[in-house]
2 protein chains.
Amino acid sequence: MNKSELKVISVLERVGGFASAQQLHQLLLRSGESIGLTSVYRALQSLVDDKIVDQLRKDDGEAIYRLCGEAHHHHLVCKSCGSTVEIEGSALEKWAKAMAEEHEYREVGHLAEVFGICPSC
Amino acid sequence: MNKSELKVISVLERVGGFASAQQLHQLLLRSGESIGLTSVYRALQSLVDDKIVDQLRKDDGEAIYRLCGEAHHHHLVCKSCGSTVEIEGSALEKWAKAMAEEHEYREVGHLAEVFGICPSC
DNA sequence: GCAGAAATGAAAATGATTTTCATTTCTGTG
DNA sequence: CACAGAAATGAAAATCATTTTCATTTCTGC
């Protein structure tokens with residue numbers, strides 16, 4: 001855990017939700033920290049790898065990040081307001097793995113989202 | 001509905017699942033069609049606007065597309081050659097339903113694909 | 001204190017996607 | 001058919017988030 005990662009974690013705590021790498025960089029600069037955009041990306045990458053930060057994609061493809069202590073998981077996305085809830089996905093992981101093994105696929109990844117209308121919409 | 005859109009629809013039918021714009025372009029060229037990458041992007045954009053095609057994002061931010069309204073099933077997609085295998089998804093269906101109920105979401109649907117490298121690649 | 005390792009960031013590279021723009025194809029009309 | 005305006009096409013350039021490179025700085029253990 002190096003300096004950049006600590007800075008990024010602290011700004012993510014302050015934000016309390018999703019933010020893009022560029023936004024986080026701006027916020028850090030504005031609050032007086034000295035850090036390069038490169039280091040923000042590197043820190044985020046490493047935090048994502050360590051499963052300290054959760055990364056997903058906006059519709060336009062830009063990555064957004066938030067703190068998340070949990071293991072790999074998926075989202076329940078509201079079709080109406082766009083709010084997301086983390087959901088538990090171990091059943092899904094098992095399924096994806098089993099399917100891939102059954103057909104002898106290598107380097108397997110998966111993609112899953114559940115859509116619906118949230119209670120408040 | 002112009003020529004490019006027809007070509008893109010026909011290749012999407014052939015693929016039967018998700019594919020990126022670049023993959024679709026390659027497939028079209030390989031099957032003897034003459035079409036520019038620009039036109040593939042333009043056609044996809046317009047088909048997405050018309051809700052004929054679904055667009056989503058892989059983890060790396062690349063957009064992938066598939067025809068809407070295809071019978072509901074899931075695929076194991078080869079990242080390298082694009083070939084697909086239909087896979088059994090009842091475990092997944094149950095999972096999606098359970099997650100949605102747990103969070104009181106209504107009108108639930110889901111998307112799931114498993115990616116990997118097929119045995120022959 | 002010092003050598004080697006790790007971290008840093010500016011600048012260049014990358015790669016998907018979008019835009020520009022000149023050219024080609026289509027469409028309807030007389 | 002001819003012809004004008006509209007739509008479609010695609011090559012090349014532009015865009016933009018992200019990654020890589022690489023020279024420099026900071027750390028670490030001895």
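Lettering of chains follows the sequences in order, A, B, ..., and the numbering in each one begins at 1.
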So which protein nitrogen or oxygen atoms get under 3.5 Å of nucleotides 14-19 of chain D's nitrogens or oxygens?
residue: D:dT18; atom: OP1; partner: A:A63; partner atom: N; Å: 2.8
residue: D:dT18; atom: OP2; partner: A:Y41; partner atom: OH; Å: 2.6
residue: D:dT18; atom: O5'; partner: A:Y41; partner atom: OH; Å: 3.3

Can you give me every donor-acceptor pair (side chain of residues 1-16 of chain A, partner residue at least two apart or in another chain, under 3.5 Å) with its distance?
residue: A:N2; atom: OD1; partner: A:S4; partner atom: N; Å: 3.3
residue: A:N2; atom: OD1; partner: A:E5; partner atom: N; Å: 3.0
residue: A:E5; atom: OE2; partner: A:S46; partner atom: OG; Å: 2.9
residue: A:K7; atom: NZ; partner: A:S34; partner atom: O; Å: 3.0
residue: A:S10; atom: OG; partner: A:K7; partner atom: O; Å: 3.3
residue: A:R14; atom: NH2; partner: A:S31; partner atom: OG; Å: 3.4

| remark: When both distances are under 3.5 Å in a Watson-Crick or G-U wobble arrangement, the nucleotide paired with D:dA23 is C:dT8
| field | Any-strand Watson-Crick or G-U partner of C:dA16, both distances under 3.5 Å | value | D:dT15
| field | Verdict with supporting geometry, A:E102 and B:E88, side-chain contact (heavy atoms from CB on, under 4.5 Å) | value | CA-CA 11 Å; A:E102 189 178 322; B:E88 202 276 320; over 6 Å; no
| query | Do A:Y65 and A:L56 have side chains that get closer than 4.5 Å, going by heavy atoms? | reply |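 Heavy-atom side-chain distance check fails, nothing below 4.5 Å.
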| Can you tell if the side chain of B:V48 reaches within under 4.5 Å of the side chain of B:D54, non-hydrogen atoms only? | no
| said: Please say yes or no: joined through hydrophobic side-chain contacts below 4.5 Å, possibly via intermediate residues, are A:L37 and A:V53 part of one cluster? | reply: no
| Sequence-distant partners of B:A112, side-chain contact (heavy atoms from CB on, under 4.5 Å), two or more places apart | A:W95, A:A112, B:H74, B:L92
| task | Only counting residues at least two apart or in another chain, list the ones meeting side-chain contact (heavy atoms from CB on, under 4.5 Å) with A:Q23. | result | A:A19, A:S20
| query | For DNA chain C, which nucleotides open and close the run of contacts to chain A, 5' to 3', at under 4.0 angstrom from a non-hydrogen atom? | reply |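 Footprint of chain A along DNA chain C, 5' to 3': C:dA7 to C:dA11.
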| said: If the condition is side-chain hydrogen bond (donor to acceptor under 3.5 Å, both in side chains), which residues does A:E101 pass it with, not counting sequence neighbours? | reply: none
| request: Look at all strands and tell whether A:S34 reaches a base, only sugar-phosphate, or nothing, counting heavy atoms closer than 4.0 Å. | output: sugar-phosphate
